[in-house]
Structure formats: C-alpha cells, structure tokens
There are 2 protein chains.
Amino acid sequence: MGARDGDDSATAGSTLGYALLSLLTRGPATGYQLASRVKAPIGHFWTAKHSQIYPELARLAAAGWVRAAEEAGPGPRAKKTYELTPDGLAALRAWLVVPPVAQPRSEITLKAYAANSGDPAAMAALYGGLAAQAARTLAEYEQDAADMRAQGMDDPAHPRFGNYAVLLMGLESQRVVQRWSAWLAASLDGGAPVPYPHPPAPRDNGY
Amino acid sequence: MGARDGDDSATAGSTLGYALLSLLTRGPATGYQLASRVKAPIGHFWTAKHSQIYPELARLAAAGWVRAAEEAGPGPRAKKTYELTPDGLAALRAWLVVPPVAQPRSEITLKAYAANSGDPAAMAALYGGLAAQAARTLAEYEQDAADMRAQGMDDPAHPRFGNYAVLLMGLESQRVVQRWSAWLAASLDGGAPVPYPHPPAPRDNGY
DNA sequence: CTCCTCATGTAAACCGTTACATGATTAG
DNA sequence: CTAATCATGTAACGGTTTACATGAGGAG
C-alpha cells in the first residue's frame, strides 16, 4: 500500500501531494509560497508545515508530477519554483473523482460528549466563547464571499471557483459551530432542556 | 512536551486518552468494549482502533487515571475491566475547559478547491452522490435525535446529555454537507452561477 | 543592531492505520 | 466444520508536528 517507490507511472500519492498539486493549478510557486497558500482559504480544511511540504515536493518531482526551475535564492540553497506537469494534472484529475472518506476528528465535539463531567458554568463559558469567536469569523467570511461574488467567482467557469466553494463550506461550518455552541452554552447555563434552533429547511434544488 | 513519563502528577495526556476517560464516565469497560463505544455516536467525531486503545489504557493506568480489575478472559490473556479513578476524573475535568484548537482535515472540501481541474460532469456526479448519502444519514440521525428527546436526553442534567449534544452536531454537519454538496453539484452541472440556498438566519438566543 | 521576510532543508518524536498473532465460546 | 464474537496484545509503516539549522536582504 505504500506505493511511493517511483517505478514508473500511476504511483498513488498522499493527500498532501494532491493538495500541493491543487495549489499549483493556481500557478507556479516555491515551497515557501505553498506553505503560505495553505492558509487562506484552503487552510481551514487542509494545512501543512514547510517541513512536510519540502520533502513532498521532492517526491512529486521524482514522480514527474511537478517540475522545478532553479534560481539562485537568498540563503545558502537554490530557490526552486515548481510548476505542474501534464502528468501531474492527469494524476490530480484522476484523484478528484475518487469518493473521499470522512475523517472524524473534532475536539470541540469530543468535549461536549463529556459535558456532564465538567463544571456547567465553566463549560457554558467555554462554548459561549467559541460561539462568539465563530460569529466573528462568520462575519469576515461573509464579507469575503460578497467580494468573491462581485468578482464573478461564483461562476463555475471562473478559474478560482474552487476558492469560492471552499469559502462557502467555511461559512456553513462556522454557522454550525456558532449555532450549536450557543445552544450548548444556553443548555448548560439554564440547566434545563433548550430547544435546538433549527433553521427552517430551505427547499431543495433537485439533489 | 512529550510529558508522558509517569513522574507523579498532572502529566498531560493525549486527546485519545481523554476520549477514553470520557467513555469511561459512562461506566467501566474493557478495551474491547471501548473500541466498540467509539462507534456511536462519538465515532462520527473521534475514532480509534483497538491497537491504539490498548497501549493508551496501559498509559492511563500507569498515570493512575484508570484502574483495572483483572479476570480470567477468553483467549490467552487476562480480561481487564477499567474504571475511572478520582484522579482521572479530575484530569478529564481540567482538560474539558481548555479551549480546543480546530483541526482542519476535510478531503471533500479539498477536492472542491480543485473543482476547475476536474471533469464537470464527473465532479457533479461525485458531489450529487455525497449529497444523497448525507441526506440518508441525516434521516437516520433525525430519528435518533427524536428517540433521545423522548428519553429526556435533551436535559443537561441527564447523564447522557453529551450523547445528545454530539448527535446534534452530527445532524448539523450532515445538513451542511447535504446542502453544500447539492449546491456544488448543481453549479458544476449547470455551468453557471447558482445562488447558495442559505437558510434564513434563526434569531439568536443571547450567545 | 535587531527583527522580519524570504527561502530550504533535516531529525526526532508522536499519532494513527494496517497487519500480524493467539485463543476460548457460541451460533449456524 | 465454520464463522462470528469476545478479548488482548505487538510490529511496521506512513503522516504530522516540533525543533534544529543556515543565511541573504530590507525595515526600523
């Protein structure tokens, strides 16, 4: 399963590898630039440190999925600007349509699971704070989304439509955290059942 | 930072360790039982295999956070039933109020980021399928939530209120995946901007 | 003179999954 | 007879974080 050895073609990559290929579809970049690109907006759903990015870029280059142009850099080593190769794009396209598996890791939900064991007031304060933070992030994202729509990024034909799609997911996720945390805080504070503020279901669009 | 060495008190545990302590607040259990408890409902937000659970239980026991009662088991080794100690409960309570950091790993969102590079019809089919799956899961969870409310688990005083809180988060998450995936599929299918079906914001409750 | 940004790497430790290994009891 | 369930562990590997290491150029 660790098919990382470069015999010749179609060696499977890691998710991080595909993430880097995705970032390179936005244009050539150095490892350093990729490390900052994994901050906004995709960083809310996938991150990596430079110490992981540099070796992964080397593997992608060995597989022929990216190509590096070397220049003299600052510091002691050469600066390498990577770009996607046709093979890399093909690999990315193949990976895109593989149904992903859900990855369950949420510490805020795990803590709620043990809510009964905590001090109710302290737990309510924790979740109240999380709700407030989510509300602030939400306001930022809403501004960003409006800006993107103004630039036509809500059109699937726009080259950065993916950024818009990711931002919408971020928006929805923050909305959920805000609503759920506020409900949890209210429940723990009140010590009695609080009905969950379900939004009325918007009508579906055929999917 | 790898303060796992059992000198004496207050050694920090891993998140998995606290997850196991949380599960043990529901009552004593063997490692085997804990491995099945991390399936429903907390498994949607935290999982672990038995190969990770057994060594972690040994570490928790060494730290004095759990205590094992040994019996003759099936198989060649003794069966160990673990229970939470007062120290373990104190450690859990301390961990509960530490603000958690968000852990960003979502392959479905990462793929959307590269949506432009994929075949639109194939990508639409992928996200249409995800939306349908989410809708099915959602229906299940809604039934579960109704059952829990019927048992009074929406009362924060109920010993398993945490299960209900976790399920509500699962419900909301599935709702988001359903709505967002359906929107993405419709956008890719139509090739033109599709307005996002934002639910009207329900009025807030003070948080 | 100091701190920040740009730029690239390696090493050690930890977290998580897959696979290997054993063996009794019960249901089909 | 066979398969599932109960029950506990170890080993190997890959993915991720933290820390170590180097050094130019510009801002304050």
Side-chain angles (χ1 to χ4, degrees), chain A residues 1-5 11-20 28-39 43 45-62 66 68-82 101-107 110, chain B residues 1-5 11-20 28-39 43 45-62 66 68-82 101-107 110:
Chain A
M1 195 140 283
R4 220 38 164 319
D5 348 74
T11 29
S14 64
T15 305
L16 172 64
Y18 293 111
L20 296 178
T30 65
Y32 185 87
Q33 289 173 320
L34 290 171
S36 31
R37 281 194 202 173
V38 285
K39 280 170 193 164
F45 298 101
W46 207 269
T47 54
K49 306 289 159 90
H50 75 274
S51 55
Q52 207 186 352
I53 291 174
Y54 289 117
E56 185 64 34
L57 281 170
R59 278 189 289 265
L60 292 173
V66 299
E70 300 198 17
E71 275 174 274
R77 276 171 287 258
K79 166 178 163 176
K80 294 169 193 164
T81 303
Y82 290 90
V101 286
Q103 296 146 303
R105 300 272 139 189
S106 165
E107 222 178 290
L110 182 56
Chain B
M1 196 140 284
R4 223 35 165 322
D5 347 75
T11 29
S14 64
T15 305
L16 173 63
Y18 293 111
L20 296 178
T30 64
Y32 185 87
Q33 289 173 320
L34 290 171
S36 33
R37 281 195 201 172
V38 285
K39 279 169 194 164
F45 298 102
W46 207 270
T47 53
K49 307 290 160 91
H50 75 273
S51 54
Q52 209 187 350
I53 291 173
Y54 288 117
E56 185 64 35
L57 282 171
R59 279 188 288 266
L60 292 173
V66 299
E70 301 197 18
E71 276 173 274
R77 275 173 287 259
K79 166 178 163 176
K80 294 169 192 164
T81 302
Y82 290 90
V101 286
Q103 295 144 307
R105 299 273 138 189
S106 165
E107 223 178 289
L110 182 56

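In what follows, chains are A, B, ... by sequence order, proteins preceding strands, each numbered from 1.
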**Message:** Please confirm whether the shortest side-chain N or O distance from A/Tyr32 to OP1 or OP2 of C/dC6 is below 4.0 Å.
**Reply:** yes
**Asked** Is there a side-chain polar atom (N or O) of B/Lys49 under 4.0 Å from OP1 or OP2 of C/dG16?
**Response** no
**Smallest separation among heavy atoms of A/Glu56 and A/Gly17, with atom names** = OE2-CA, 3.5 Å
**Request:** May I ask you to evaluate whether B/Tyr54 reaches the phosphate of D/dT8, defined as a side-chain N or O under 4.0 Å from OP1 or OP2?
**Result:** yes
**Request:** Would you check if A/Glu71 and A/Thr81 make a side-chain contact, meaning some heavy-atom pair closer than 4.5 Å?
**Result:** yes
**Message:** The side chain of B/Pro55 is closest to which nucleotide in this list: D/dT10, D/dG15, C/dT8?
**Reply:** D/dT10
**Item:** Pair A/Tyr32-A/Ile53, side chain to side chain contact (heavy atoms under 4.5 Å, CB included): steps then yes or no
**Value:** CA-CA 9 Å; A/Tyr32 185 87; A/Ile53 291 174; over 6 Å; no
**Atom-pair distance (CD on A/Glu56; P on D/dT17), nearest Å** = 13 Å
**Prompt:** Looking across every strand, which nucleic acid part, if any, lies under 4.0 Å from A/Thr15 by heavy atom: base, sugar-phosphate, or nothing?
**Reply:** nothing
**Message:** Which nucleotide wins on minimum distance to the side chain of A/Ser51, given the candidates D/dT18, D/dT8, C/dG9?
**Reply:** D/dT18
**Message:** For A/Leu16 and A/Arg77, find the nucleotide of DNA chain D closest to each by heavy atoms; which residue's nucleotide sits nearer the 5' end?
**Reply:** A/Leu16
**Complete:** Taken to the nearest 0.5 Å, the spacing of B/Tyr18 OH from A/Glu107 CD works out to 10.0 Å
**Request:** Tell me whether the OP1 or OP2 atom of D/dT16 has a side-chain N or O from A/Arg105 closer than 4.0 Å.
**Result:** no
**Message:** Would A/Leu16 and A/Leu20 count as a side chain to side chain contact (heavy atoms under 4.5 Å, CB included) here? Give the steps.
**Reply:** CA-CA 6 Å; A/Leu16 172 64; A/Leu20 296 178; 4.3 Å; yes
**Prompt:** Any idea which heavy atoms bring B/Tyr54 and B/Gly31 closest together, and the distance?
**Reply:** CE2-CA, 3.7 Å
**Request:** Work out how much the helix from C/dC1-D/dG28 to C/dG28-D/dC1 bends between its end axes, five pairs an end, to the nearest 10 degrees.
**Result:** 30°
**Request:** Going 5' to 3' through nucleotides 23-28 of chain C, assign each nucleotide B (protein heavy atom under 4.0 Å from a base atom), S (under 4.0 Å only from sugar-phosphate atoms) or - (no protein heavy atom that close).
**Result:** BS----
**Message:** Less than 4.5 Å apart, side chain to side chain, heavy atoms only: is that true for B/Arg105 and B/Leu110?
**Reply:** no
